[in-house]
Amino acid sequence: MLFEVLKFVVRTRFSKPLLIFMAVMLVYFIGISAAIPSEEGNRIFGYYGTGIVALFLAMALATGGVMVYKSDRDYLFTLPLSPRDLSISIYFSQFIAFGITILFMFGYLYQSLNSALLLADLVALALTFTSLGVIAPSMTARVRAVLSVALALWTLLAFANFPLSPGSAFYGNVYGGTATLIALAAVTTAAAFRSLSRVELDMMRSLVKSTSSEIKSPNSYVGKSPVGAIYSMNLNTISLAGRMNMAGSSRYVSRRIRTRWVVAASSVAAAAYFVYGLSRASAPAVGGHGAFPGALLASLGLSIIALFLASSAVTNERLWLSLTSLPTATYFRHLVASRVISLMLILAPFAVADAALAALGYGEALAALVVTLAVIPSSYVLEVCWTAYVAPIQVKGDDITMAAQFNLRQMSIILPLFVVIIIVSAASVLLSVAVVGGVILTAVSAILTTSSGFWGRVATKLTEDGFV
Amino acid sequence: MLNTTIGSGQKPGACMKAGSNGARNGIELSHVSKSYGSVLALNDLSFEIPEGGRFALLGPNGAGKSTTLKLLIGSLRVDTGYAKILGAAPDSRESKAVVGYLPEDALPYRMLSVRENLEYIAALRGVQDVRGRTDFLLDELDLRQYEKSNVGRLSRGNTQKLAIALAIIHSPKVLLLDEPLNYLDIPTQEKVIALLDRLEGTHLVSTHIMSIAHRLTDSVVMISKGMFLWEGTIEELRRKGSPEEPIEKVVARMMTGAV
């Protein structure tokens with residue numbers, strides 16, 4: 001019976017082409033890992049591995065969720081199935097959407113892991129990622145946020161040579177790091193299976209706790225012009241909504257937060273980044289790439305966050321209201337422009353830090369500055385356009401269940417991220433790549449933003465997809 | 001209201017004496033076809049509603065009612081033919097200024113409060129007295145106690161009331177409603193009916209429920225399989241059956257081609 005339930009749960013959550021694609025990619029990434037010589041660049045990959053693990057662990061907990069449909073709650077959970085079979089099936093789906101991300105990163109993580117313990121580290125990481133997503137809905141938003149930050153900081157302690165951190169295995173403390181990862185995987189996996197046995201209850205509880213019933217400090221639009229209202233809404237608050245879980249499972253969450261708080265948090269992070277940059281002043285250059293690989297890491301992290309933010313531009317839209325109020329292209333242009341300005345407010349502290357570090361002679365910080373000011377904002381626009389035209393899904397009712405099946409089109413929303421990763425990685429070696437990449441992406445995003453024809457097609461597409 | 005101009009026309013636009021008398025049509029569709037890929041949703045559909053007319057748009061599931069409304073608000077484009085709102089193209093600025101639209105299962109911005117939704121859409125629509133209009137609708141639809149509430153946490157009934165308020169916040173001259181009384185309790189239905197009744201302008205109400213059509217409108221456009229089927233007053237529709245026959249039966253017979 002387990003196999004039947006497993007097959008049903010997996011097939012209802014993932015399209016067949018996507019499963020085939022993931023299998024092919026898995027083989028490809030494992031092949032890549034074998035092809036990359038492990039002796040070179042361990043230090044760079046140590047930064048990369050530790051940083052990415054910190055980011056992913058934090059996001060797994062902050063944005064995770066269980067891949068469950070409303071129809072599961074209405075029908076599947078009411079069937080006389082073994083709770084064990086159901087839990088294993090949902091956990092396996094969760095693994096495909098989420099934990100498998102670690103295996104996709106295999107080729108890169110391989111560089112920073114001791115090959116003797118490679119398998120143990122990867123399995124432990126994959127289980128931890130999967131499990132954190134499963135247990136996340138049982139916590140309140142505040143607890144998730146606090147634990148996410150704590151988890152990220154604990155991981156980053158590896159940079160201070162702390163041996164018992166989830167990142168330590170990537171940064172020289174192989175045995176302590178591996179032991180920590182295994183312990184973390186054991187604890188979170190046990191918690192995940194306990195959580196899956198009461199998944200419906202946790203989802204309902206999460207739904208009740210997920211949003212405050214009252215808006216504490218509402219915006220006023222009295223006296224605003226039509227266009228002014230769009231800017232007022234998007235500059236005062238940031239709506240966080242969209243596809244969550246790293247592999248792109250189409251489960252959606254939505255939150256709203258004051259822009260000034262995000263900018264304050266960004267300023268603190270940028271200050272820490274600046275101080276860390278200064279502390280690297282005396283460090284030896286790595287592989288001739290300069291002394292500050294943190295700039296590359298920060299750029300990648302900001303890119304990922306920006307592209308996650310981008311999907312909320314469309315998922316939360318109510319086109320039956322906005323497009324019946326203003327001409328289509330006018331509305332979309334100002335929507336995109338206001339959101340880019342909002343993003344740039346968040347990025348500004350990092351731009352200042354990069355500029356200061358560049359003035360102190362860090363070549364990589366100069367490249368990071370170009371990335372922050374041009375590549376990230378323009379790729380954000382491209383991501384908005386891409387998600388609107390290729391893979392739009394609207395946040396409708398309760399945001400705890402999956403909105404749609406996860407398919408190749410949904411997967412494609414991470415393509416712009418790969419473009420950015422390539423540019424950012426190349427820019428750390430060659431400043432001109434950042435400049436040329438920034439110019440090209442900015443030009444393309446400007447053309448799309450100002451094109452009436454493009455937004456007309458987007459409106460038709462969104463209407464046909466049920467947004468109106 | 002319009003009964004004097006509504007004939008027993010069985011042909012599209014045959015009852016549109018208002019249009020032929022020189023008055024503007026509130027809504028006009030002429031030989032409109034629309035496909036979604038290989039699926040033909042509307043097939044040479046034509047009908048007219050005179051300015052000020054109150055019409056129900058009836059049709060079985062998949063008849064093309066929602067597609068018709070989406071064409072009229074300009075979010076879809078016709079493949080052939082044309083649609084007009086008070087003489088203007090649906091995607092024009094002139095048309096958007098006068099149209100109000102309520103889709104079926106309408107969802108307002110779920111991360112804004114009730115008041116923020118009303119004020120934001122009023123501002124987008126260029127309403128002069130944003131605060132006054134917002135306060136009026138909050139009171140009129142008993143939403144005052146929820147004005148600070150996150151819309152994502154509202155009951156479905158209160159969400160529907162807010163959606164109706166958003167559709168009419170700018171006092172539209174042409175109002176397109178898709179199942180407007182869904183989710184509303186009976187006292188609220190009466191309140192909404194009274195509110196809509198007081199609104200001047202052309203109304204087109206898509207519904208499956210004849211009692212709602214009867215309360216909100218006085219005439220009917222019937223379509224099936226994307227094609228025009230019949231047009232006339234509700235009284236004319238009633239006379240198509242025997243005196244004791246429920247009007248729903250008459251409609252069902254017409255839609256299934258028995259008449």
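We name chains A, B, ... by the order of the sequence lines, and we start the count at 1 in each one.
- Heavy atoms closer than 4.5 Å to chain A are found in both the backbone and the side chain of B:L112.
- Interface residue A:S220: backbone and side-chain heavy atoms are both found under 4.5 Å from chain B.
- For A:S322 against B:Y109, the heavy-atom pair with the smallest separation is CB-OH, 3.6 Å.
- Your options are B:P108, B:S113, B:S66, and the one with the most heavy-atom pairs under 4.5 Å with chain A is B:P108.
- Heavy atoms from other residues, nucleotides or ligands lying under 6.0 Å from CZ of A:R142 number 12 at most.
- Heavy atoms from other residues, nucleotides or ligands lying under 6.0 Å from OH of A:Y75 number 12 at most.
- Chain B forms the most heavy-atom pairs under 4.5 Å with one residue out of A:T460, A:T324, A:T237, and that residue is A:T324.
- Interface residues of residues 80-100 of chain B toward chain A, defined by a heavy-atom distance below 4.5 Å and sorted by number: B:R93, B:K96.
- Judged by distance alone, with hydrogens and angles left aside, the side-chain atoms of A:T463 form a donor-acceptor pair with the main-chain N or O of B:S75 at under 3.5 Å.
- The minimum heavy-atom distance between B:A106 and A:W320, with the atom names listed, is CB-CZ2, 3.7 Å.
- The residue among A:L321, A:L323, A:T330, A:L462 with the most heavy atom pairs within less than 4.5 Å of chain B is A:L321.
- Contacts of residues 116-137 of chain B with chain A at a heavy-atom distance below 4.5 Å involve B:E116, B:E119, B:Y120, B:I121, B:A123, B:L124, B:R125, B:G126, B:V130, B:R131, listed in sequence order.
- Proximity to chain B (any heavy atom under 4.5 Å) is shown, for A:L319, by neither the backbone nor the side chain.
- Looking at B:K148, both its backbone and its side chain come within 4.5 Å of chain A, counting heavy atoms on both sides.
- A:R318 contributes a side-chain N or O that, together with a main-chain N or O of B:L107, makes up a donor-acceptor pair within less than 3.5 Å.
- Taken to the nearest 0.5 Å, the CD1 atom of A:I238 stands 11.0 Å off from the CE atom of B:M111.
- Of the inter-residue distances, the one linking A:R256 atom CZ with B:R110 atom CZ reads 13.0 Å to the nearest 0.5 angstrom.
- With a threshold of 4.5 angstrom between heavy atoms, A:S225 approaches chain B through N, CA, C or O but not through any side-chain atom.
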